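These notes concern the structure reproduced below.
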Amino acid sequence: MLRLAARFPRHVTALVLVATVLVVVEAMGLGTVFLVLGAGGGATAWLDALNLSQWSDMVQGLSATRRVQLAALVLIAVALVRNAMAIGQNMIALNLRLSVARRTQARVLESLHRLPLDYLQRQRGGYWNTCLVQYGRELGALAEAGAMAVVGVLTAIAYLVFSLLVSWQLALLAVVPLTLLMLLLRPVVRTRLHRANQRMQARLRELNGIGQEQVGMIRSIRAFGREQWSREQFDVAQSGFFEADRRVGGLVALNRPLFEMFSVTAFAMIVLVGSLVVGASDPSGLAQIALFIVVSLRLLGPAAMITHFLAQSARIGPVVELLAGLFRDAQRLAPPSGRAIVTGLNDAIVLEGVRMRYASGDAAALEDLDLRIPRGQTTALVGPSGAGKSSVANLVLRLYDPEVGAVRVDGRDLRDIDADSWRRQLALVSQDALVLHGDIRANLRFARPQASDEEIVAACRRARCHAFIEALPQGYDTVLLENGARLSGGQRQRIGLARAMLMDAELLILDEATSELDALTERAIVRELAQLRRARTTLVIAHRLATIADADLIYVLDRGRVVARGRHRELLQSCSLYRRMAEAQHLPLDGGAIDA
């Protein structure tokens, strides 16, 4: 909490100042009531030191009725000022909560951007969504409770000092029960509630993960008639969460009655024991007891703030531990980014003796692989599914690093190059083209935010998607749903191709970029891509050999290794695997012209 407070000095300073003013106002008000009621006690010497004895004598000259009326007016004035200041205090605490939540969410997102992909893929998507959205709000609530607890501590100290001035005996009667209350509630709050909330948070992440997974699978669930299975899966996760949540709620509900019970006991002790300790020996004892009841009531607020913070700390403690672990892992596991800045490719991208696996213990996706992607040429990767083609693209994009070997750009290890500067040289079109929830212009500007409307239209014409966009009710202003739910697979791919054309990058990576297109559209786009590839470095991953027949260099991969390399005509003669793929796709085996 101290480290968290140090990041928001303005909010914390403002809260402390407001709390100080509140304490001063209340101390002055209660001190005035103390003088008016004539509850002398042990404070007479302090009145003499502050030259208030004459004023006290003047007040004592008033009738008992007048003094009670004056005390009531003072209490009303103090209540007005106190509540006005409390509104400001609550608003500052609210702003602190929102600021902490916002900064925490931003830091979680930054950590997710930095963590290795295999780390993120160990959990369901809903797990990380819970961390990103929900846990930032939880930490903000804890910061707010902590700030108010600090205010409560300051207020309690002020009241304790005031109580000691009036009567140290009654001060002990007021403070000891509340202290015992804190100690008695601690095992419930700090231990049982903490453990219960750990279980609840785990169940919440599981429920969110299954919920997000079920929503994403709606189409398949309906197609396979598995609605009952879906409901059962969700019901199991839901039951586990609500059972854990009920446990946490029960412990939280127990906290308030215990607090109130001990508070009432404390008041009774002040009245019963105070009448014996003070009332019998001092004529003003009853006034002191009445004043101490008011002070004890005022102490309930700070005590409740502190107790609430302890409950929040126990409830949100598991969240804090998880976020702390996430931030540590992001710092420890994030692939280091080099410092060298690149502005283009001068020679080639070379993979040397590369071994790559996606997670520890998995079989190698690439093994002892050597491959060269020359500048200004089209290099194609072909092979059966699982051969390692997309793994090569992942290495070039530096989404993963090789376990053994190196990826070199113009002779320099890619790990020594600034990742952002390198990725600015790349444009990726994948089989599952990215479609955001937003209008078509926003989707295309995702790759190049400063692109003009004219440039967007030109790119869409080249990607053969201008016509279907114009046919939409709002044209380029049409809002696309998440994952392009209202678009066909081919339309999504054409949006992705237009985005890559708009980006105009040095290196173009096409990963099954036309797999969803019909033959006529694919033929037209292949011609456009041939124009786009001129004077660019292109890496093409394809199953359809017709789309890469004119490539400058083709690598045939199988089981993570290069088994052949050459041009289309050469490979038909020298590589049996390539020839079998051509036969399966009914391509001419003599290397003649291919109708794409």
Side-chain angles (χ1 to χ4, degrees), residues 107 109-121 326-362 364-381 388-430 447-448 500 503-511 533 535-541 552-553 555 557 560-562 565:
R107 190 176 176 191
L109 183 60
E110 179 186 355
S111 298
L112 296 180
H113 285 161
R114 297 177 62 194
L115 284 163
L117 291 180
D118 65 288
Y119 181 99
L120 301 177
Q121 290 164 354
L326 177 66
F327 297 151
R328 284 195 303 270
D329 288 346
Q331 187 73 22
R332 178 173 57 90
L333 300 175
S337 178
R339 296 185 178 182
I341 304 297
V342 296
T343 57
L345 182 65
N346 298 318
D347 180 28
I349 303 168
V350 178
L351 281 69
E352 297 179 347
V354 165
R355 179 200 298 157
M356 172 199 166
R357 67 182 78 237
Y358 284 100
S360 177
D362 287 357
L366 299 172
E367 185 69 59
D368 194 26
L369 184 135
D370 293 303
L371 188 147
R372 189 171 188 272
I373 305 169
R375 178 185 182 274
Q377 296 185 17
T378 297
T379 302
L381 306 178
K389 303 182 296 295
S390 293
S391 297
V392 172
N394 287 336
L395 289 175
V396 173
L397 288 161
R398 214 198 157 194
L399 300 179
Y400 294 86
D401 286 332
E403 181 180 344
V404 176
V407 180
R408 301 191 184 278
V409 176
D410 296 335
R412 178 179 288 161
D413 195 317
L414 186 55
R415 285 168 287 204
D416 297 331
I417 295 173
D418 178 76
D420 290 336
S421 74
W422 170 241
R423 290 179 184 137
R424 283 195 290 269
Q425 313 305 316
L426 312 177
L428 170 68
V429 184
S430 62
R448 189 177 158 209
M503 192 172 177
D504 195 26
E506 170 80 18
L507 174 62
L508 182 63
I509 301 177
L510 305 174
D511 188 355
R533 294 197 307 250
R536 282 181 177 79
T537 306
T538 308
L539 177 63
V540 183
I541 298 170
D552 298 295
L553 181 62
Y555 285 90
L557 274 64
R561 299 174 183 269
V562 174
R565 70 191 71 190

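Since the structure is predicted, the reported quantities are computational estimates derived from the model, not experimental observations. By convention here, the first residue in the shown sequence is residue 1.
- Here Gln331 pairs with Arg114 under the side-chain contact (heavy atoms from CB on, under 4.5 Å) rule; sequence neighbours left out.
- Residues passing the side chain to side chain donor-acceptor pair (under 3.5 Å) test with Glu352 are Arg408, sequence neighbours excluded.
- For residues 415-425, the set of pairs meeting the salt bridge (Lys or Arg N to Asp or Glu O under 4.0 Å) definition, not counting sequence neighbours, comprises Asp413-Arg415.
- Interatomic distance, CZ of Arg107 versus CG of Leu109, reported as 13.0 Å (0.5 Å rounding).
- Partners of Ser111 according to the side chain to side chain donor-acceptor pair (under 3.5 Å) rule, which considers only residues two or more places apart in sequence or in another chain, do not exist here.
- Panel note: side chain Tyr555, backbone Arg372; a donor-acceptor pair is recorded below 3.5 Å.
- Between Leu371 and the options Leu395, Val407, Leu381, a side-chain contact (heavy atoms from CB on, under 4.5 Å) holds for only Leu381.
- Interatomic distance, Ile541 CD1 to Ile509 CD1, rounded to the nearest 0.5 Å: 7.5 Å.
- Judged as a ring pair (Phe, Tyr, Trp, His ring centres under 6.0 Å), the pairs with a partner in residues 391-417 (not counting sequence neighbours) are, in order, Tyr358-Tyr400.
- In this structure, Gln425 contributes its side chain and Ser421 its backbone to a donor-acceptor pair below 3.5 Å.
- Applying the side-chain contact (heavy atoms from CB on, under 4.5 Å) rule to Ala427 yields the partners Ala500, Met503, Ala505, Leu508; only residues at least two apart in sequence or on another chain are considered.
- The salt bridge (Lys or Arg N to Asp or Glu O under 4.0 Å) pairs that include a residue from residues 331-343 are Asp329-Arg332, where partners are two or more places apart or lie in different chains.
- No donor-acceptor pair closer than 3.5 Å links the side chain of Thr537 to the backbone N or O of Gln377.
- We find the CG-CD1 distance between Leu507 and Ile373 to be 7.0 Å, quoted to the nearest 0.5 Å.
- In terms of heavy atoms, Ile417 sits closest to Arg398 at O-NH1, 4.5 Å.
- Checked against salt bridge (Lys or Arg N to Asp or Glu O under 4.0 Å), Asp370 has no partners two or more places apart in sequence or in another chain.
- Going from atom CG of Asn394 over to atom CE of Met356 covers 5.5 Å, rounded to the nearest 0.5 Å.
- Proximity of a side-chain donor or acceptor of Asp347 to a complementary backbone N or O of Pro374 within less than 3.5 Å is not detected.
- For Arg412 against Ala340, the heavy-atom pair with the smallest separation is NH1-CB, 3.3 Å.
- Considering only heavy atoms from C-beta on, Asp118 stays 4.5 Å or farther from Asp362 through its side chain.
- With values rounded to the nearest 0.5 angstrom, Leu333 atom CG is found 10.0 Å from Leu326 atom CG.
- Applying the salt bridge (Lys or Arg N to Asp or Glu O under 4.0 Å) test to Arg355 and every residue at least two apart in sequence or in another chain returns Glu367, Glu403.
- Contact annotation: the side chain of Asp410 never approaches that of Val342 to less than 4.5 Å [non-hydrogen atoms, C-beta and beyond].
- The side chain to side chain donor-acceptor pair (under 3.5 Å) search around Thr379 returns none, not counting sequence neighbours.
- Residues passing the ring pair (Phe, Tyr, Trp, His ring centres under 6.0 Å) test with Phe327, sequence neighbours excluded: none.
- Here Leu557 contributes atom CG and Leu366 contributes atom CG; the two are 7.0 Å apart, rounded to the nearest 0.5 Å.
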